[in-house]
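Basis for what follows: all heavy atoms, side chains included, without hydrogens, waters or symmetry-related copies. Worth saying up front: this structure is predicted, and the values here are computed from it rather than measured. Read the numbers this way: they start at 1 and go in the same order the structure lists the ligands and their atoms.
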Amino acid sequence: MMKALLYTGPHTFEYTDVPDPVCEPEDVLIRVRAVGICGSDVHGATGRTGRRLPPLIMGHEAAGVIERVGANVTGLRAGQRVCFDSTVYCNRCEACRTRRFNRCDKRQVLGVSTPQFKRHGAMAERVAVPSWIVFAIPDEMSFVKAALLEPVSIGVHAANRGNIPEGGTVLVIGAGTIGLCVLAAARLKGAGRIIVADIDEFRLETARRLGADVTVNAGTLVSCTGKMPVLRKDETPSPHETPLSHETPVLRETASTLAEAVLDLTEGRGVHTAF
Ligand SMILES: [Zn+2]
Ligand SMILES: [Zn+2]
């Protein structure tokens, strides 16, 4: 038996004993050392998404140490520090053979249950996953950081797929975890100017701390047209307390949508890519 955080119904979790996961011949049994809480877990816990049918152990962004490897596993060994993909795929179907793992016929997601499947996740002492979704992590990388590699990889993938010319301008709509990862990845890809929009001032402040050049509070924009809703990263967060200076970008009086605000901020050119 092991300890796990078991989701038993809307807004209800029990820290309880559950059976150890079964380690199949192609699986790796991992002792979990860090696990993230995804926004989809938070929504799922309301019981309204249809993707967290109880009882379920959630958790699909995690890192830990290999405790045991299945009989058919090569290239991985007990004691190795690892993280893993959140998508469990069969590695055999045509989609998998052409590396479109997200289209796998037997695709499951760790810590998710739907009418089609239930796959317990990593909010537990141990989790078993197929060896081909496991990645070794460097010794100097903390487990907490390694657990974040799943959302970080989404940001990196988005930035790789987007058109970001060196020095180009990008817009990130939504400054949650994924938006912030896109922001960081877009910067590494060479973006020159990054505009981040959200309706939550705390998130916008975080975006500025992580390097956003300009943030737009789209909520303020709609309700308070023309009241200087655009802030530079070196300004204080509250638009109403910020003294007007020649350095502060100001929206035209009529800017009432995000699109108009972005056009104002880019002299009418718009952005190279919006995420
Ligand atoms: Zn997630
Ligand atoms: Zn497959």
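A heavy-atom distance below 4.5 Å is found between the side chains of L204 and E201.
At a cut-off of 3.5 Å, with distance as the only test, no side-chain donor of R52 or T46 sits close to an acceptor on the other residue.
With the Zn ion (ligand 2) at the apex, C90 SG and C96 SG define an angle of roughly 120° (rounded to 10 degrees). Rounding to 10°, one obtains 120° for the angle at the Zn ion (ligand 2) between SG (C104) and SG (C93). Here the angle centred on the Zn ion (ligand 1), running from NE2 of H60 over to SG of C38, is 110°, rounded to 10°.
A salt bridge links E26 with R92: the distance from a Lys NZ or Arg NE/NH1/NH2 to an Asp or Glu carboxylate oxygen falls below 4.0 Å.
Counting heavy-atom neighbours within 6.0 Å of K3 NZ, excluding the residue itself, gives a total above 12.
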